[in-house]
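Note that this is a predicted model, so its numbers are computed, not measured. First the proteins, then the strands, lettered A, B, ... as listed; each starts at 1.
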Amino acid sequence: MKLILKGGRVIDPSQNIDTVMDILIEDGKISRMEKNISISEADSKDNIEIFDLKNKMITPGFIDMHTHLREPGFEYKETIRTGSEAAVVGGFTSIACMANTDPVNDNRSVTEFIHKQARLAAMANVYPIAAVSKGQDGKVLTEFGDLKDAGAVAFSDDGNPVTDSGLMRHALEYACSFDMPVISHCEDTGLSSGGLMNEGIISTQLGLPGIPGIAEDIMVIRDISLAGFTKTRVHIAHVSTAGSVQAVREAKSAGINVTAETAPHYFTLTDEALKEFSTNFKMYPPLRGSDDVEAIKKGLRDGAIDAIASDHAPHSPIEKDVEFEYAANGIIGLETSLALSLRLVHDGILTINQLVEKMSVNPANILKIKKGSLKTGSDADITVIDMNKIWTVDADKFRSKGRNCPFNDWEFKGKAVMTIVGGDVRYADSEL
Amino acid sequence: MDLSRKDMLGIIDLSREEIDLILDTAESFKEISTRKIKKVPTLRGKTVITLFFEASTRTRTSFEIAAKRLSADTINISASTSSVVKGETLIDTAKNLESMNPDIIIIRHSAAGAAHILSGLLEQSIINAGDGAHEHPTQALLDMLTIREKRGAMEGLKIAIVGDIAHSRVARSNIYGLTKMGADVAICGPAMMIPRDIDQMGVSVYYKMEDAIRNADVVMMLRMQLERQERNLFPSLREYANHFSLNRDNINLAKDDVLVMHPGPINRGVEITPEIADGPHSVILEQVTNGVAVRMALLYLLSGGRK
Amino acid sequence: MKEKKVVMDAGEIERSLTRIAYEILERNKGTDNLTIIGIRKGGIFLSERLREKISAIEGTDIMSGTLDITLYRDDVLTTSKRPAIEKTYIPFPLDHKKVVIVDDVLFTGRTIRAAMDALMDFGRPELIQLAVLIDRGHRELPIRADFIGKSLPSSLWENISVNLTDSRNTDEVVIEES
Ligand SMILES: [Zn+2]
Ligand SMILES: [Zn+2]
């Protein structure tokens, strides 16, 4: 089976390509990329599928390096199947999933189970991130080597911070032996515990206990210090504050090996959104002030922030349709992340090439997976985007089991209209 | 002037005119409680539910008396928050209540925003009787009624609110109300009980009792939640009382005719010394009387044909 | 175009009130236990004038009060807007009192029904009498006035307004089509 994608604008920052051309896909790989691949050249016509992608953008498959798929343990919130289906609908060919499942992904059998479920689902590629510490309880390191052999791509106790600086140091050092990143959820729990939203005038008005931005900054600075001291690398998850952006920027210019991601809600919403106590705006880290939002946009533009990841965190109404203080943290994002990020392109904050870097090239590099490129011979993981398609979010139609989406009814310009994974069309908009 | 709203969730979104209307109405209602038969037939056939997730005999009783004096039927429901922590109970409870066809639901809850949840879910009028540290609108209204009765207006008065501002819904509702009415509001407490950026709510902030109450027309002492001590918010009750209680000495810094207020119940000797609480400046009992009148006014103004 | 007709001028109003004052005294055999209660808002001015006249005639003060009947109205919750509540002022028990309630216009009788219910909450009067300046008919309840300034059969689409002022010489009752 062969595929020809005709007439689209191909954007591949990994090869410095931004031009209209055709792509031939054979055996799940990109076999040729040039202007006007003629059909007669290829074999018989019934063995080939041709897509006319005029006025569409063709990019290396998007990668969401921070999701929570909830399986095993919380299948009522999401499964690997529903999560990876949501991924391809949202334009992602690969996703990495965090370890805070039940049981925690802290041993080979859970990692292998995730791979198996992902293969059965046959939607997006799923890359398990294993826990830093056994049971994510911040005490004893997991078996990094064994987990890597089983197919883990990174280590993170996400959901919880690694509070013990000594343990974090050892994690960073040990991960070097396997050339794997440690992803840090930065939270000083002494400052954040009991908090329900960003600390500031809005929390003061609402009478909700606040989480100060420095609860994040302090841990980002700690992790940067550790990475600098041990000459290792660290990846900062979900950056939400101006202070973190600045700390990462300075660390990079000082030559420290740090990378960082943010999530679309942190450059889209502020804590003002909480005024009606809607639990769909409750997540960790919390929505911050407008200064933070501006700083994050600037950090994306100047490269302080390397990646955009959704931190897709599905919950059921059992956890969300309750009083604000009892509600679980987290919002879903796989099916809105790309559209929210495209707003940065429409608003002139990022070029489309930069966006592809933040959502495909850089995540692949950080996780050291052979993705994020359309080079001849690489896996045919491709996202096709219609930059001008106007659509409205209807959370009830999401493939994800989660409905905890703060963007329901929002109108967007731009959408993934086709998602190809390993040469297989896993999602195509009805208009194609 | 009309109170064109379904619910009373907080003072934050009331206009000055609406506050005046409520206080004017409450002032007229006060007389009913002095009659031989302390009851008018206005809300005959209406059902008022008090739904209290936090125990508060005072507030509940005040609402209940208010409803009964207007001839409404009252149903009191006590629920414990411990059974709610698990999940949908508030929403379940709300849906159950709706099937009883009440007209007004009065809710007290330890979680900020609980009244907002009911408001969004139910057709009925919702009155917030205190939600977490967020708002306690009827307390602020009764405080404003008391001040207005004693001083004619709130415009230009210097009003000090002292105590654990961060955890006080009484403080928040009063700050919204009193600043709208033109008072000059000073708040005071140990710094860890002053929430961040509160100066943006139009108040001046003091960390020393003496600075806050100097020349004050009104001193409003907040109730100290004794369990806060466990959360390391202050070293000891003794230390707190030494520095932040209103007593015979520091009251002299305030105006000669200063009004002393407290939402009750008082921790005698902690926020306020007994001789001040029972002394000539205290209007604490008037606050209680005005509580019933303000609640009657609200029940009346929120009843009847939907706008 | 609205037609407006003055049906009582200041002089007529003054003479009616004087007559009513004498009638009240005659019927109640003096001022013992006599109390005058004006209904807000139209009855306030009239009850005050009657009180003055009676006091002047008898040379003794009589007790008086004002009553807001809004909370007793049978339509108080059916209107789209909650009517404003004014102060009621009856600072004495009505037990064993001869109560004369005063209003400007007697029409359907519903206001008077509300007023009587309200008065009962202040005690058990010996009797209640009603004094009005205008009786315009169209009763919807079995209620009649004891003292009437002027009976003025009117049609339902007519409006009767009693305009009393402090200066008194501009007092008038006008009738107009609505
Ligand atoms: Zn996290
Ligand atoms: Zn996460």
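Proximity of a side-chain donor or acceptor of B:Thr25 to a complementary backbone N or O of C:Ile85 within less than 3.5 Å is not detected.
Of the two parts of B:Lys39, only the backbone, made up of N, CA, C and O, holds a non-hydrogen atom closer than 4.5 Å to a non-hydrogen atom of chain C. Of the two parts of C:Asp68, neither the backbone nor the side chain holds a non-hydrogen atom closer than 4.5 Å to a non-hydrogen atom of chain B. Neither the backbone nor the side chain of C:Pro91 comes within contact range of chain B; no heavy atoms are under 4.5 Å apart. Both the backbone and the side chain of B:Tyr300 come within less than 4.5 Å of a heavy atom in chain C.
For NZ of B:Lys95, the number of neighbouring non-hydrogen atoms (other residues, nucleotides, ligands) closer than 6.0 Å is 12 at most. Annotation for B:Arg16: atom CZ counts as buried by contact number, over 12 foreign heavy atoms lying within 6.0 Å. Other residues, nucleotides and ligands contribute over 12 non-hydrogen atoms within 6.0 Å of the NE2 atom of C:His138. Annotation: B:Lys150, atom NZ; neighbour count of heavy atoms from other residues, nucleotides and ligands within 6.0 Å does not exceed 12.
Annotation: residues 16-55 of chain C contacts chain B through no residue [non-hydrogen atoms, separation under 4.5 Å]. Contacts from residues 111-128 of chain C to chain B, taken as heavy-atom pairs separated by less than 4.5 Å, involve C:Met120, C:Asp121, C:Phe122, C:Gly123 in sequence order.
Two residues are said to be in side-chain contact when any heavy atoms from C-beta on lie closer than 4.5 Å; C:Thr88 and B:Arg35 meet this criterion.
Contact detail for B:Lys46 and C:Leu77: the closest heavy-atom pair is CE-CD1, 3.2 Å. Nearest heavy-atom pair across B:Ser28 and C:Glu86 is OG-C, 3.4 Å.
How far OG1 of B:Thr42 is from CZ of C:Arg82: 10.5 Å, rounded to the nearest 0.5 Å.
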